[in-house]
Asker: 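Could you have a look at this structure, given as C-alpha cells, before my questions?
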Number of protein chains: 2
Amino acid sequence: MDSDGPARQVRVPIGGAQRGGSGIPGGRRKQRVSMADVARLAGVSSQTVSRVANGHPGVVGATREQVLAAMRELGYRPNSAARALRYGQFNTIGVILFGLSSTGNSRTVEAIATHAAAEGYAITLIPIGIPTQDNVLGAFTRMGELAVDAVIVIIEVHLLDAGTVTLPPDVHVVVVDSDAGDRYSVVDTDQAEGARLAVRHLLDLGHHTVWHVTGPETSFASQRRAQAWRRALEEAGRPVPPPLHGDWSAESGYAAGLALAGEPGCTAVFASNDQMALGLLRALHERGLTVPDDVSVVGFDDIPDASCFIPPLTTVHQDFAEVGRRCVQGVLRQIREGGAARPGTDLVPVRLVVRDSTAPPRTRA
Amino acid sequence: MDSDGPARQVRVPIGGAQRGGSGIPGGRRKQRVSMADVARLAGVSSQTVSRVANGHPGVVGATREQVLAAMRELGYRPNSAARALRYGQFNTIGVILFGLSSTGNSRTVEAIATHAAAEGYAITLIPIGIPTQDNVLGAFTRMGELAVDAVIVIIEVHLLDAGTVTLPPDVHVVVVDSDAGDRYSVVDTDQAEGARLAVRHLLDLGHHTVWHVTGPETSFASQRRAQAWRRALEEAGRPVPPPLHGDWSAESGYAAGLALAGEPGCTAVFASNDQMALGLLRALHERGLTVPDDVSVVGFDDIPDASCFIPPLTTVHQDFAEVGRRCVQGVLRQIREGGAARPGTDLVPVRLVVRDSTAPPRTRA
DNA sequence: CGCTGTCGTGTTTACGTGAACATCACGAGC
DNA sequence: GCTCGTGATGTTCACGTAAACACGACAGCG
C-alpha cells in the first residue's frame, strides 16, 4: 500500500495466535498470565515477581533466575491497565487533530510519536472528522475518559473558544498552531518570520510588490502568513494587492494561478504553502508564462517534493520535527513538574530555501 | 485517599493531579474524583453510581438525577485504567509503522483512526524509528505491555524476525502491505492490478514497451508493482527493459529521469509512485523532452497533487481510506469473535486515472 | 394475611500490580 | 549464647470499577 518510507529487513511471525478468547463470546474474558501465575510456577510470592519484573534490588540471583524462567515459560507480560491504575498514569499522550492529510500535520505527529516513544510514552490519536465545535468539545470530553496523561492539540484553537470549553484540570495541554499563547502553552512555527522572509526575498530581487495566495481563513497559520505578508509590504511602502484565497490544495493554487496570469502587473507571488505553489506553477505554465522569468513564486513548508517542481521551488522551510519535539517536551515538563500549563508561545525558527522559482523581474508585455 | 490527613507520599509522579480545586495549602491531593466520591455526595452506593455511569437500567429517576448532579458537581470522569483492568480490554488499537512521512501511511492511518473512533476505539501509534532489528523486536515486545486489544501492522512483515518475537496470543493482528496472507490477515491495495493497468494503458496507446522506476527493494508494494509490470510486458510479448531503482523520493525519480532521457528508445515510463513520477517529469523537462509527446509517464498512488503536475499525471488511484476501513473492520471482527486471525488477503481495488501525461508515442529524433 | 416474585439498592469481591509493612534466616557483636 | 542488624522474601492492602449476589420493600395473588 504505501509508497515511500525507508527500507529494512527482518522477519516476523506474529504470535501463533494459539488461543485467544477460548471461544467465550461477548468479548470480555481474557486469559492472561498474571504475576500470581508466574509466582506459583516459580514457587515464590507475587511480590518477588514484581520485584524482578521491575528490576528492583533485593532479589538474590538464584531466585531471580527462577522467576525469569517462569516468566519465559508462561509468556508473562505485565498488564498495563493494572499498572496504570496502580500508578495513576498511563504513559500516553493524546493528540487531537482534524486529519493527517496535510503535510504539516502528519510530519508533526510523526515527530511527536518518535520523541514520545523515546521518553517511554505512547501516542493516542483522537481524530476529529468535521471541525464543528460540538465535535471538538466531544473529543475533549472523551479525552477525560481516555487513557492519557496529557494532550497535544493540533487544531486551530479559536474553534474551541466560543462555548464553554473546560479542559479537565488534571490533563496537561500543549497547543500547536494557534494564537492562544496567553491561555495555553503554544508551540508553533514562526509563521510571521517565514512570510516576511519570503516577501523580503522577492522585494530584494527587485519586484515592485508581491501577490499572495492564502490558505483557508480558518487556519491560524494562514492568517498569520497573510498578515505578515501585508505588513512586510506596508513597511516597505509597497502597494498591497488583493490576496487570492486558496484552501491549501494544489487545485486551489491552480485556480489562483489562472487568475494571476491575467494580472500583467504581477511578477511575484507568495503562496501560503507548497501545494498551492505547485498549482500556481501549473497554471502559469499553461498560460505560457515562464517561472521565474515572467513570474517568481515562493512557497511555504518545503515539502520534500518541492525540489522537483518545475522549476524547483523557492520556499520557506518549516521544521516540523522540531515542532513535534517541543510539543512532547512541553507536555512532559508539565507532567513531571506537575504544574499547570505555562501560557506562552514557543516559536520554532524557519529559513528560506532559495531554489529556481525566483529571479529578478522582467518587464512583461 | 481523602483530602484530610497527611496524604500518603507517592513516589511515582502522579499523572494529572494536583491542581484539582479548593487549594489545600501544601496538600498534594491525589485528585481524581472516583465513584466513591460521587456516591458519597449523592448519598448512594458506588455501585449505583456505576449503574448510572453505564446507563444500566434499574435505577429510579430521582436517584439517577441525584447521581448525575453529583457527577457534574465533582466533575467526575471514569477512570479508564480501572475500567480496562475490570473488563480486560482497552478499546484501543495499536498501529505499528515506520513513519508517517509517506503519503500512503499517513492517509491509511488517518482512515484507521477515523473508523476506529466511529467504533469507539482509540488508536495508539507505535513508531519504529530506526530500522534495526532490535527496534522492531522492541516494539513488538513493548506491544505486549501496551494498552491495546489488537494491532495493525503497516510494515513489510518480512522485516520482522521469526526467531525471538512472539506476539502475545491474545492480541489480534492485521497486516497491511505484505504477502503474508497465508499466515496473517492481510489487507492491501491490489498492487499487481494497478501495475498491470498502467502497463496496459501505455501499450494500448501504442508504445512498444514500458520502462519502470521501482521503489526500494525492501518494499513489498514496490516488489509487487515491479513484478506485475514485468509480467504484463512478457504477456504482451514485449521486451523488458532493465528497471531503474528508486527509493520513493522525487529526487530518486529525478535521477532515474536523467538516465532515461539518454535512452532514445524510451517512450513510456511507469513510476512506482507519484513522487518519483514528479522527479521524472522534472528531469525530462530539463532535458528538453516533452511529456507526453516525447515520453509518456504513469505514476502510482494518485496523490492529490498529481492533478497539478506539469502535465497533470496519469496515475493509478489507491483507495487508502478503504484500506484503513478494512483494517479496522478486520481487527474488530477478530476482537469480537474472539478467534484467531483468519489468514487471507483482502485486496482493495484500484483504478487508473488518465490525465495528460500519457499519449500515443511519437518517434524521437 | 402470608407467600412469592420483582424491583431498587447496598455489599462483597476480583481484576493485576506494587508500596508498605511483616517475617524469617543468618551472621556479627557483646 | 543472646541480641540485634541486615538482607531476602512473604503478606496485606489499595488503586477504581463493575459483576455477582444479598437484602429489604412492596405489590400481586391465593
Asker: Quick one: list whatever passes side-chain contact (heavy atoms from CB on, under 4.5 Å) with B/Ala116, sequence neighbours left out.
Answerer: B/Ile93, B/Tyr121, B/Ile123, B/Val328
Asker: From the options C/dT9, D/dT17, D/dA14, select the nucleotide whose nearest atom is closest to the side chain of B/Val60.
Answerer: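 Closest nucleotide among those given: C/dT9.
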Asker: For the pair made of CG in A/Leu85 and P in C/dG16, what is the distance, rounded to whole Å?
Answerer: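 Taking atom P of C/dG16 as the reference, CG of A/Leu85 is at 12 Å.
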Asker: Not counting sequence neighbours, which residues clear side chain to side chain donor-acceptor pair (under 3.5 Å) with B/Glu73? List them please.
Answerer: none
Asker: Report the residues that fulfil salt bridge (Lys or Arg N to Asp or Glu O under 4.0 Å) with B/Glu119, sequence neighbours left out, ordered by chain and then residue number.
Answerer: B/Arg336
Asker: Considering the terminal five base pairs at each end of the helix from C/dC1-D/dG30 to C/dC30-D/dG1, what angle separates the two local helix axes, rounded to 10°?
Answerer: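 About 60°, once rounded to a multiple of 10°.
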Asker: Out of C/dT9, C/dG16, D/dT17, which nucleotide sits closest to the side chain of B/Thr63?
Answerer: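 Nearest to the side-chain atoms of B/Thr63, counting from C-beta on, is C/dT9.
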Asker: Any residue in residues 35-50 of chain A with a heavy atom nearer than 4.0 angstrom to DNA chain C? Just list them by number, or reply none.
Answerer: A/Met35, A/Gln47, A/Ser50
Asker: Would you please say whether a donor-acceptor pair under 3.5 Å links the side chains of A/Asn54 and A/Arg83?
Answerer: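 The criterion, which ignores hydrogens and geometry beyond distance, is satisfied for A/Arg83 and A/Asn54.
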Asker: Please check if the side chain of B/Asp149 supplies one atom and the backbone of B/Thr92 the other of a donor-acceptor pair under 3.5 Å.
Answerer: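 Looks like yes, one N/O pair under 3.5 Å.
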Asker: Rounded to whole angstrom units, what separation is found between the CZ atom of B/Arg77 and the P atom of D/dT17?
Answerer: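 The answer, rounded to whole Å, is 11 Å.
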Asker: Is there a side-chain contact between B/Tyr87 and the phosphate of D/dA19, meaning an N or O under 4.0 Å from OP1 or OP2?
Answerer: yes
Asker: What integer distance in Å separates A/Asn79:CG from C/dA14:C1'?
Answerer: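 These atoms are roughly 13 Å apart.
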Asker: Which residues pass the side-chain contact (heavy atoms from CB on, under 4.5 Å) test with B/Ala118, sequence neighbours left out?
Answerer: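 So B/Ala118 forms no side-chain contact (heavy atoms from CB on, under 4.5 Å) with any residue.
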Asker: Under the side-chain contact (heavy atoms from CB on, under 4.5 Å) test, which residues partner A/Ala69, sequence neighbours left out?
Answerer: A/Arg72
Asker: At under 4.0 Å, does any side-chain N or O of B/Arg83 touch on OP1 or OP2 of D/dA18?
Answerer: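 B/Arg83 to D/dA18 OP1/OP2: side-chain N or O found under 4.0 Å.
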Asker: Heavy-atom contacts under 4.0 Å between residues 51-59 of chain B and DNA chain C, which residues?
Answerer: B/Arg51, B/Gly58, B/Val59
Asker: How close or far is atom C1' of D/dG7 from atom CZ of A/Arg64, stated in whole angstroms?
Answerer: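 After rounding, the gap between these two atoms is 14 Å.
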Asker: Residues two or more places apart in sequence or in another chain: which of them pass side chain to side chain donor-acceptor pair (under 3.5 Å) with A/Thr48?
Answerer: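 By the side chain to side chain donor-acceptor pair (under 3.5 Å) rule, A/Thr48 matches A/Ser45.
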Asker: With sequence neighbours excluded, what pairs up with A/Asn91 under the side chain to side chain donor-acceptor pair (under 3.5 Å) test?
Answerer: A/Gln89
Asker: Between C1' on C/dT17 and CZ on B/Arg86, what's the gap in Å once rounded to a whole number?
Answerer: 16 Å
Asker: Identify, with sequence neighbours excluded, every residue that meets salt bridge (Lys or Arg N to Asp or Glu O under 4.0 Å) alongside B/Arg64.
Answerer: none
Asker: Please enumerate all residues that pass side chain to side chain donor-acceptor pair (under 3.5 Å) together with B/Arg325, with sequence neighbours excluded.
Answerer: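 With neighbours one apart ignored, the set is B/Glu322, B/Gln329.
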